[in-house]
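Everything on this sheet refers to the single structure shown next.
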Protein chains: 2
Amino acid sequence: MAIICCQELISSLTRAETVDEIHLTCSELCEQLGFDRFLYGSMIPTTFNKPHFIYISNYPAEWRARYESENYMGIDPVVTHCASHITPVTWDYITQMGQQDENTRQFMYEAKGFGLNSGISIPVHTPQGEFAIFNLSSIQNNSYTNKHILQVMPHAQLFTAYVHEAVRRVFANDILPLGQVNLTRREKECLLWVADGKTAWETSQILGVSERTIVFHMQNSAEKLNVVNRAQTVARAVSLGLITPQLA
Amino acid sequence: MAIICCQELISSLTRAETVDEIHLTCSELCEQLGFDRFLYGSMIPTTFNKPHFIYISNYPAEWRARYESENYMGIDPVVTHCASHITPVTWDYITQMGQQDENTRQFMYEAKGFGLNSGISIPVHTPQGEFAIFNLSSIQNNSYTNKHILQVMPHAQLFTAYVHEAVRRVFANDILPLGQVNLTRREKECLLWVADGKTAWETSQILGVSERTIVFHMQNSAEKLNVVNRAQTVARAVSLGLITPQLA
DNA sequence: GCATTACCTGTCATTTCTTACAGTACTGTA
DNA sequence: TACAGTACTGTAAGAAATGACAGGTAATGC
């Protein structure tokens, strides 16, 4: 039955138009999968110089505040894992892995104090360079829910992907001028060759235009991306997924 | 029961040490979820100038050959979708979306001729810039298996993530010197500021060293990454996930 | 017709990067 | 102790990028 429920929730996510709707759907999933708390947090690059952080959660406010003020994101082992992996992970596993690390032990212990005893974390990585985490947690103990956690994992993971796409859709016209930068065909071509180590002159020979034209296109790209020089231009273009140097 | 099976298969993936073991596990999943064919294909960036393509599949050899010789990857609507999305997709959906596009219709029709009638495709995107697709397909018709497909989707997606990690592990010591480049702390710091548009002099002021030292670290980074200039260095570092400019 | 956009080209002064030469100093490991 | 790795610094010439001026064509839509 849980399977059917997830399909319905995902279906409602694809129609969601506000953060509240997404929040509600997450709450329902949380309940149906037998968890108490959820937190969706994402880091979305923008054309400005700082990424946008978006949170949707029913975590205890005190824990959120403490996490923020102590800058726990830097030491949170769950974040560290999710930043470099694509597989969901149980907090049980995280705790075991970080057994010898004092920071990790202390952190997980403190989280338990706020009712975040066991749970899972699901990473999201998009080709646009976005990074998100979806946490589902329970006040119950590890050993009790571990088997259950493994069973719901697949559904939680699929749901997570749709949450992220819903968030992108909701915020697209609202706050974020994210991957919305429209580079012209020529600008992308220039960027690809420059990101591949070619100089402006070399690129001009490849594309059969003058060196000045390459400089021109690179300048336009930089302006659109709101950056100041060539290195930053390719860095931004790559991290926004506007070009994929390795495929060229 | 399918749930339990997937857990076991995933568990065996985490232990897999050869391509054949992965192939076998995929075959079993394929069977257990009621599909005939599977194809795992991935594009993994390397420190060399061309990415590595890895395929594990039991697709018909004739179709694979035709796909290759006709360079279908460029027009395959499934690849196009998966390149920019993180959610799994049914071929039914792809077909509907591409109804007005002659290329898409032709392509999907031809695939059916090889017994690839219906199926799902699951995209994988890693923070290291890797891109993979896992296809599961059936010789049966759309309408018959569509509901079934939605039910197995979550398990297939979770499985896919583990397939990819298994492939990375198997090929890590074998062919690919991929994200294995070890940049030092200082090199990453320099890269981050340079990718953020800072000149060598500006970076030197930020890090409290001489301009020459920044140049030195950038040179070492470039050598490790096998690239020729600064633009390519940051492009490569970003696309390999060695630095994440937006988080800095 | 006119505005807009993509695309293209030129020169020149200045800044920045790249490369090649030369070193010192500290660390952990074989 | 020798060695490899990391971090750091200097000079100098030539290559490349940047910024600020200038100009143009072709296609599109109102």
Side-chain angles (χ1 to χ4, degrees), chain A residues 47 49 100-101 177 179-240 242-243 245 248, chain B residues 47 49 177 179-240 242-243 245 248:
Chain A
T47 54
N49 288 330
Q100 72 289 3
D101 181 39
Q180 302 289 5
V181 179
N182 282 319
L183 297 179
T184 66
R185 180 181 55 83
R186 220 46 168 171
E187 284 162 355
K188 284 184 193 170
E189 281 178 319
C190 292
L191 271 170
L192 271 171
W193 288 111
V194 169
D196 200 44
K198 301 290 185 289
T199 66
W201 185 85
E202 289 168 332
T203 307
S204 75
Q205 300 306 300
I206 294 167
L207 297 182
V209 295
S210 78
E211 180 180 357
R212 179 64 185 84
T213 302
I214 305 301
V215 172
F216 172 78
H217 288 309
M218 290 304 293
Q219 283 174 337
N220 288 340
S221 300
E223 201 171 333
K224 287 181 180 179
L225 292 168
N226 193 32
V227 295
V228 299
N229 62 26
R230 200 162 287 196
Q232 195 182 9
T233 304
V234 298
R236 181 64 53 89
V238 172
S239 79
L240 286 178
L242 297 172
I243 58 170
Chain B
T47 54
N49 289 330
Q180 302 289 8
V181 179
N182 283 319
L183 297 179
T184 66
R185 181 182 56 84
R186 220 45 168 171
E187 285 161 354
K188 284 184 191 169
E189 281 179 319
C190 293
L191 271 169
L192 271 171
W193 290 111
V194 169
D196 200 44
K198 301 289 185 290
T199 66
W201 184 84
E202 288 168 332
T203 306
S204 75
Q205 300 306 299
I206 293 168
L207 297 183
V209 295
S210 78
E211 181 180 357
R212 179 65 186 82
T213 302
I214 305 302
V215 172
F216 172 78
H217 288 308
M218 290 303 294
Q219 282 175 334
N220 289 339
S221 301
E223 200 172 333
K224 288 182 181 179
L225 292 168
N226 193 32
V227 295
V228 300
N229 61 24
R230 199 163 287 196
Q232 196 183 10
T233 304
V234 299
R236 182 65 52 88
V238 171
S239 81
L240 287 178
L242 297 172
I243 59 171

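Each chain gets a letter, A, B and so on, in the order its sequence line appears, and its residues count up from 1.
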Write down the distance between CD (A/Q219) and C1' (C/dA6), rounded to a whole number of angstrom. 16 Å
From the options D/dA17, C/dT19, D/dT18, select the nucleotide whose nearest atom is closest to the side chain of A/A200. D/dA17
A/K198 has an atom NZ; how far is it from atom C1' of C/dT18, in whole Å? 17 Å
Contact check, side chains of B/I206 and B/E189, non-hydrogen atoms, under 4.5 Å: no
Separation of B/H217 atom NE2 from C/dC17 atom P, in whole Å? 15 Å
Ranking D/dG10, C/dC8, C/dA6 by distance to the side chain of A/R186, first place goes to C/dC8
Side-chain donor/acceptor of B/E187 to backbone N/O of B/L183, under 3.5 Å: no
Taking only nitrogen or oxygen atoms into account, show me every contact under 3.5 Å that the protein makes with nucleotides 22-30 of chain C, one pair per line with its distance.
none

Whole angstrom value for the distance that separates C1' of C/dC17 from CD of B/E211: 9 Å
side-chain contact (heavy atoms from CB on, under 4.5 Å) between B/K198 and B/I214, intermediate numbers included: CA-CA 11 Å; B/K198 301 289 185 290; B/I214 305 302; over 6 Å; no
Measure the distance from CZ on A/R230 to C1' on D/dG19 and round it to the nearest whole Å. 13 Å
Any donor-acceptor pair under 3.5 Å from A/Q232 side chain to B/A195 backbone: no
Think A/T184 has a side-chain N or O under 4.0 angstrom from the OP1 or OP2 of C/dC7? yes
With a 4.0 Å cutoff (strictly under), does any side-chain N or O of A/T213 reach OP1 or OP2 of C/dC8? no
